Structure formats: C-alpha cells, structure tokens
Amino acid sequence: MPGTDAAVRSTLEAYAPATGDVLGSVPVASAADVHAAIAEAREVQRLWAQLRLADRARYMARAAQAVIDESEEVVALVSREQGRPRAEAELHELLPTIETLQWLAQNGPKILSGERVALSRVLHPLTRARWRYEPLGVVGVIGAATEPFATPLGDVAVALMAGNGVVLKPSPHGALSGERVARVFARAGLPEGLLAVVHGHADAGQALVDGAVDQVRFTGSLRAGRGVLERCAQGVKRAVLEMGGKDAALVCADANVARAIEGIAWGAFANAGQSGGSVKRVLAVREVGDAVVQGLVAQAVARRLGDPRDADTEIGPLVTHDRRDRVRELLDDAVAAGATLHCGGPVEVEGLSGAFCAPAVLSRVPPGARILREEAPGPVVVVSVVDDEEAAIAAVNESALGLGASVWTADRYKGARIARELRVGMVWMNQHLVSRSAPQLPWGGIGGSGLGRARGAIALRTCAEPKVTTWDPPRGRPFWWFPYDGALADSGRAIARLRSARDADRERALRDGTVPLGRIAVRVGRALRSPARTRR
Ligand code: NAD
C-alpha cells in the first residue's frame, strides 16, 4: 500500500465469527494512504485504458483461472472469515465469481465496443461518426460484511474490464477476503498499482469517497449508503449504491406449496439471512396461509447450525454479535406487540463462541411492529396471511426498500402480471435470488435499496462514458458555415418542409426551396473543388 509506515500504523484484526479465532491482521489506511492509492491507480490506469478490450478481457479470463486454482483456499477463507457454511462458500461465493469473470471475458469487449453511427446524409453528407466507451478513471469500491468476496470482486472486475483503476475498501469484517480479491488479480498478472486494497472502518470509506475517485460502487446499509451519496453529491461524483433489502415472497393459491416452502426457506435462511436479497417477508394468500406457516417452521427447525467449515452445516454464525443483538431486539419488539414467534432466535452452539441465531418464523405480526419496517440482520422471516394477490402486492409496495421479490405460482402469465406491479428491481418466479449467480442480469433495487445496477451489461456501461468522435474530410464545408444570407435561411426552411408528413408541405418546399437549395448546393460544390475558397 502506498505511503504505508507499518511501524506507526494501527492494525485491523480479522477473526472467525464462529470461534472468535484471530485469522490475521491488516494495516489500517489513513486518509493519506487512501489518497496515495488512488493517485497510483490513476497513474497506472492511463496505460490500462490504452489496452484493447480483448486484452483486458484476457486478464478477466486469467483471474477466473486464478480463482479456480486457489478455490480450496478461497472457500476455506470465506467460510472462516464470514462464517458462511462451506457448501454456500463453494456454490454462492466461488461459482458466481468464476461465472462473473468468465462472462466479462467473453462478453465485455462486445458490450463496451461502442458503434459507428450513420448520420443524416442531408445534414451531414460527408461526416463519419462513432462513439466508444471510455473509462471513468479510478473507481472506489466499498464492500459489505455479509458478502465479502464474490460481491466486491464482481464490482472490481466490472470496473477493471471497463478500463478503470480501482481502490477497494473491504468491510472491516471481510479484510482478508478483500486481500484475496487483490491476490486473484495479481495472479492474473494485473499491472501493479492498478488495483489497491485499503482497510479500515467508515472513516477509510469516507476518505475513499472524498478522494479523487470518479465513481463509488458501494454495497452496505441504507444509512451508510445515504452518507456516501451525500458526499458524492458534494464532489459531483457518480455513485452506484447497493443497499438494504426487505425481500418478499408472494405465495399464490395455485403455487406448488411444498416447493415454494423449500425455496423460501433457502432464500430466507441461507447465509444466515444476511444476503442482500434474503427473504424477510412472506405474503401467503389465505388458501395456503396455514400450510406455508407450518411448512416454514418445519424447514426452520430442521436446519443444522454449526461450524461453517463442516460440509453439512447449513447455518453459520452472524458476522457480528451486534447483529444478533439487533435480531433479538426486533424479535422481542414483535412479540411484545402481539406477534407469534413459532421458532428460532439467538442461541448458543456448543463449543463455538459465535453469534448464532436459529432460523426464526413469525406470524400475526401487528402493523406497528418494527420488524415490518426495519431490516432484521439474521435468518428471520415474517409470514403474513393476506386475502388475495392484490393485498400481497400492496404490502410489498408499502416498503421503502425495493430490492427483489419472488412470486410462487403455477400460472406464468399471472406471475408476469404481478411482477409488473411490484416496485422492486428484480422479480424471480418460483425461485429466489436467481440474479445473484447470474452476472448477465442487472443486479440492484429501487427506492432505499439502491441506485444503479451492479451486474449485467449496464454495470459495465455505467463504469464508462460514451465518447463521440466524428471525421470530416479536410476538403469541402458544411453548408451552414458563414456567411449567412437569405438563400441559406430559406434552404433550412425547405429542408424542414421536405421532412413533413403532409404532401402539401413537401410540394411547397419544392416550389419555394428549389432556388435557395440550388444556390447552396453550388456553394458547397465550389468549396469541394477548392478548399481554400471561402467567398461566394
Ligand atoms: P455497513 O453499511 O455497515 O458497511 C458497509 C461498508 O461501508 C463497510 O465497508 C463500511 O466500513 C463502509 N462504511 C460505513 N459507513 C461508511 C461511510 N459513512 N462512508 C463510507 N463507507 C462507509 O453494512 P454491512 O453491515 O457491512 O453490510 C450489511 C448491509 O449491506 C445490509 O443492509 C445488507 O442489506 C446490505 N447489503 C446489500 C446488498 C445488495 O446487493 N443490495 C448486498 C450485501 C449486503
């Protein structure tokens, strides 16, 4: 890290949330370190931006290979540092990373290639035009605690593929995973300094946002994201924000209820309910309400909590003890307000000191309960039985957060209709969280869930600016250059009338415009023969 003086620098310890074991430590970056990293990335980026898209794509392919080559270590680290069960680390951290990098390698060049554009031959007879995507410069990426590897790596990869330098500030709870992101690209041979990792808490994030970055790509809470956006507004910088979610699952009467229950249980309890996009609310229509509550309770109590390194562990610890305190607070508030807590809540797991929380299912939650509005940072799901699908849609649309939602129905057309009415960024029918492992699809929400998109072609394109270039031959002249006269003004009017949908206008253009257009054509023709001639 540039400007680092390890002797006087404080360090950040990385620990395993399941056991409390210290896994390593990283130096905390001062604001000066962050700014030096940005400056160095900018310096190297100038050369990186000159590379052909196909060459940048090759780095993405090599990075994918590096992830595959180091897969055992990556999975071991993610499951230790985040507490994510090993099966999930393999399937939902490792695989999406490889998929993202290979997709960028295969599709990035085409998506970013720009195009030649045909201009109107009447107005621009000799001009050739094209536009291409130019990188923004340096992108600051800020990572969240609950998805410390695949998500920031994807943001970094998108920014690099678009030709930018990157400074990544991982979550303080994902510092080693952040280092691993850098290592993947180092193994891919990325020029030194193009990607830097700086560590720290909110102040390091603020230093990054306030530094000379051209865009911030942030993943985290609404509260922190709002602060990032305010600072970006002050500095007139672009921001892509992926913030909190309160995803709902809508279960229709015609759903395959047993399958819906399995899918919703996975969507709610995987990653201990901490993913951006975890199911937090279930809206089940009356006909299937009881079956959904009972089924989810059965699913919840069957889940195995334990050491995330074990292959058969299904629920690991929450990333921090604060999160468990918050879950407890929200459950207590809901129960005090009259809700029924069927199962789950904070628990101790023998031999492990982590903040474990057994999957919790609540029903009959009164409207005033905080859990209906606030994000519960754990495996907690609230089931509400509603009269019909319209009531379910209205309940989803009441939320200030609009990340994703799933609709469980056998009727594809009904599902599509409901999807259109839901005010969220992503709707999955008969599945939940499809987009997380599909880098082809734009990822992101509306309202308090975010601004902009993290994946898909749109993510690449918002990491770049379209730049227009045109070419005119060094002979001849456009007809609208000086000098002005009546013939020029009348020819403009004639051209406009020639484009009219009415016959009468076009006839009039020919009647009144032939002479002025002819004079202008002669003028242009003379200039073509003699580039130096400027007089009529
Ligand atoms: P957080 O907001 O506490 O921290 C996120 C990151 O922002 C961290 O790196 C943190 O150090 C940094 N940060 C905090 N305050 C900052 C500030 N003022 N300026 C700059 N940086 C700042 O969130 P978290 O606990 O790490 O993650 C959980 C949150 O992230 C949840 O709300 C979850 O829904 C959300 N999340 C969203 C998505 C998504 O795709 N929408 C994905 C994962 C997590």
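Order of listing sets the numbers, starting from 1, for every ligand and every atom in it. All values derive from a computational prediction rather than experimental measurement.
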Top protein contact for atom 5 (C) of ligand 1, by heavy-atom distance
T219 O, 3.5 Å
Here the atoms of ligand 1 under 4.0 Å from any heavy atom belonging to V228 are 19 (N), 20 (C)
What protein heavy atom sits nearest atom 37 (C) of ligand 1, and how far off is it?
M243 O, 3.2 Å
Which of the atoms in ligand 1, numbered in the order shown and given with their element, are less than 4.0 Å from a heavy-atom of W443?
39 (C), 40 (O)
Protein heavy-atom partner closest to atom 33 (C) of ligand 1 - residue, atom, separation in Å:
E375 OE2, 3.4 Å
Note: ligand 1 atoms sitting under 4.0 Å from heavy atoms of G245 are 34 (O)
Report the nearest protein non-hydrogen atom to atom 12 (C) of ligand 1: residue, atom name, distance rounded to 0.1 Å.
I142 CG2, 3.8 Å
Can you confirm whether I264 sits close enough to V251 that some side-chain heavy atom of one is under 4.5 Å from a side-chain heavy atom of the other?
yes
Quick test: of every protein heavy atom, which one is nearest to atom 2 (O) of ligand 1, and how far off is it to 0.1 Å?
S221 OG, 2.5 Å
Do V407 and L422 touch side chain to side chain, with heavy atoms closer than 4.5 Å?
yes
Within-4.5 Å side-chain heavy-atom neighbours: L77 and S177:
yes
Atom 44 (C) of ligand 1: closest protein heavy atom, distance to 0.1 Å, is T146 OG1, 3.4 Å
Any idea which atoms of ligand 1 are less than 4.0 Å away from a heavy-atom of A145?
24 (P), 26 (O), 27 (O)
Once rounded to the nearest 0.5 Å, what's the spacing between atom OG1 of T462 and atom CZ of R453?
10.0 Å
Would you mind running through ligand 1 and noting each atom that sits below 4.0 Å from a heavy atom of H201?
11 (O)
Which ligand 1 atoms does E147 reach within 4.0 Å, using its non-hydrogen atoms?
42 (C), 43 (C)
Minimum side-chain heavy-atom gap L441-R455 below 4.5 Å
no
Could you identify the single nearest non-hydrogen protein atom to atom 9 (O) of ligand 1 and state the distance to 0.1 Å?
G143 O, 2.7 Å
Atom 21 (N) of ligand 1 sits nearest the protein heavy atom G205 CA, 3.6 Å
Tell me whether ligand 1 is touched by R323 - counting only heavy atoms on the residue side and a distance under 4.0 Å.
yes
Any chance the side chains of N107 and Q440 put a donor and an acceptor closer than 3.5 Å?
no
Classify the ring geometry between H92 and W266 as parallel (under 30°), tilted (30 to 60°) or perpendicular (over 60°).
tilted
What do you reckon, does R436 put a non-hydrogen atom under 4.0 Å from ligand 1?
yes
If you measure from CZ on R423 to CG on N397, what distance do you get to the nearest 0.5 Å?
4.0 Å
Any V282 side-chain heavy atom under 4.5 Å of W408 side chain:
no
Would you kindly say whether D21 and T19 are connected by a side-chain donor-acceptor distance under 3.5 Å?
yes
Within 4.0 Å of some non-hydrogen atom of A224, the atoms of ligand 1 are 2 (O), 14 (C), 15 (N), 16 (C)
Option whose closest heavy atom lies nearest to atom 35 (C) of ligand 1, chosen from A202, S278, G220:
G220
